[in-house]
Novice: 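Here it is, the structure, as structure tokens.
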Amino acid sequence: LKEFGRLVSRRGVDLRRNDDDYLWSLMAETRLFLDILEGSSRHRASDAARKMHELYELSARNNPQESGLACRQGCALCCRLKITSASAPEIFLLARHVHALPEAEREARMAAIRLAATPPEGGAQMRFCGLLVDASCSAYEIRPGACRAYTSMSLKGCEDVDQGKPAQFARAEIPLRNRTAHSYALGAALKALGLPYDYYEFRAALRLAIDDPDAEARWLAGEDVFAGVAKDPGPQTEALDLLVAGATGASTSSA
Ligand code: SF4
Ligand code: SF4
């Protein structure tokens, strides 16, 4: 497990594999997250999310990426979509980022996040995400995995979706696999510690988190700080249990 931990820390996860080595990589990554979450930092949940994003980028650099992506900087129609799959640690990391901004910028971001969480009136389109500034993500380095994995091979397809028209377009496979790998490892570590591993509706959850500077600490203490926010079930329970067993040595002592 330690050897795979060193490999994952150095190169990320080999996303082309679907074998024992891939599984061991995710078990080792689960162990990395457990080490962070079992620490004493009051920001250990958001620290784990930061680590997850680092490992995503490391994996993206060390796996061949598909060609033909339409995504470009400044293209942000997808930032108007409703994101229903952000984990609590990812949300706390973004709230922490917003709280650390200089005052004027912080107030502007918080106002934008609150507005973005307000349902549009009269059947109008969804509002843009409150973190979008001048058509770019103001928190790009720590954007949620859902944003990292949302890609398109066709800008026209995205424009059709944005206009509410029927649309057909392909997504790139590698970013989806990348996101799945790391979100399963983080989900497993959260589950092992009895912490919620659900996915929350991003705008509503982020609004709650920015309005409560103690949200992360209260969540770590077992409070349901996102009560009332729509959520999706997180990763499959059986897969998480397998990763936990490997990460804690409960299943085997090999590797
Ligand atoms: S997913 Fe679509 S809207 Fe978003 S950056 Fe890519 S091409 Fe642009
Ligand atoms: S977090 Fe960033 S990338 Fe994701 S929807 Fe908001 S502005 Fe777009």
Side-chain angles (χ1 to χ4, degrees), residues 45-46 49-50 52-54 56-57 60 65-101 105-106 108-120 125-180 182-183 186 199-211 215 226 229-232:
S46 49
R50 188 188 300 280
M52 180 177 75
H53 296 327
E54 287 171 10
Y56 178 104
E57 293 305 323
Q65 301 295 304
E66 292 128 303
S67 57
L69 269 188
C71 303
R72 299 282 179 272
Q73 186 171 7
C75 180
L77 287 177
C78 48
C79 297
R80 183 149 48 188
L81 293 173
K82 196 167 190 172
I83 302 172
T84 53
S85 54
S87 65
E90 291 176 291
I91 293 161
F92 295 135
L93 180 60
L94 287 162
R96 193 173 152 192
H97 160 82
V98 171
H99 290 146
L101 291 172
E105 201 180 336
R106 180 174 69 241
R109 285 283 59 71
M110 288 174 78
I113 288 166
R114 290 184 191 116
L115 179 64
T118 310
Q125 277 184 303
M126 284 284 291
R127 302 179 201 279
F128 280 103
C129 173
L131 290 164
L132 192 70
V133 178
D134 296 334
S136 290
C137 180
S138 62
Y140 188 77
E141 301 294 324
I142 55 167
R143 68 201 187 285
C147 304
R148 289 167 202 269
Y150 195 94
T151 59
S152 171
M153 300 293 189
S154 160
L155 177 57
K156 170 78 168 57
C158 293
E159 289 169 344
D160 286 347
V161 169
D162 187 58
Q163 295 301 315
K165 297 178 189 167
Q168 285 191 331
F169 61 98
R171 307 250 191 102
E173 183 65 24
I174 291 292
L176 288 171
R177 283 181 63 81
N178 202 355
R179 192 232 169 168
T180 300
H182 307 299
S183 58
L186 179 58
Y199 292 142
Y200 297 91
E201 197 279 296
F202 178 55
R203 291 155 195 256
L206 183 59
R207 179 184 181 160
L208 283 178
I210 60 157
D211 282 336
F226 298 124
V229 175
K231 61 182 179 183
D232 282 340

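Counting starts at 1 for both ligands and their atoms, in listed order.
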Novice: Count, excluding waters, the protein N, O or S atoms that are closer to atom 2 (Fe) of ligand 1 than 2.8 Å.
Specialist: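 Those protein atoms number 1 in total.
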
Novice: Do other residues, nucleotides or ligands put more than 12 heavy atoms under 6.0 Å from the CD atom of Glu66?
Specialist: yes

Novice: Look only at the side chain of Arg50 and the backbone of Ile142, and say whether a donor-acceptor pair between them is shorter than 3.5 Å.
Specialist: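 No; zero donor-acceptor contacts below 3.5 Å.
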
Novice: How close does the nearest protein non-hydrogen atom get to atom 4 (Fe) of ligand 2, and which residue and atom is it?
Specialist: Cys147 SG, 2.3 Å

Novice: Is it true that a side-chain atom of Arg109 and a backbone atom of Gly130 form a donor plus acceptor pair closer than 3.5 Å?
Specialist: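 Yes: the side chain of Arg109 pairs with the backbone of Gly130.
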
Novice: In the structure I gave you, are the side-chain heavy atoms of Tyr140 and Cys147 within less than 4.5 Å of one another anywhere?
Specialist: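 No. Closest side-chain heavy atoms not under 4.5 Å.
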
Novice: Heavy atoms only: which of Ala116, Cys137, Cys79 lies closest to atom 8 (Fe) of ligand 2?
Specialist: Cys79

Novice: Is the CD atom of Gln73 crowded by more than 12 outside heavy atoms at less than 6.0 Å?
Specialist: no

Novice: Is there a side-chain contact between Glu141 and Glu57, using heavy atoms and a 4.5 Å cut-off?
Specialist: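 No, every pair of side-chain atoms sits at 4.5 Å or beyond.
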
Novice: Which ligand 2 atoms does Leu132 reach within 4.0 Å, using its non-hydrogen atoms?
Specialist: 7 (S)

Novice: Please report which non-hydrogen protein atom sits nearest to atom 6 (Fe) of ligand 2, along with the residue it belongs to and the distance in Å to one decimal place.
Specialist: Cys129 SG, 2.4 Å

Novice: Of the protein's non-hydrogen atoms, which lies at the shortest distance from atom 1 (S) of ligand 2, and what is that distance?
Specialist: Pro144 CD, 3.7 Å

Novice: Could you check whether the rings of Phe226 and Phe92 sit parallel, tilted or perpendicular, using 30° and 60° as the cut-offs?
Specialist: parallel

Novice: Indicate yes or no: at least one non-hydrogen side-chain atom of Arg114 is less than 4.5 angstrom from one of Asp211.
Specialist: yes

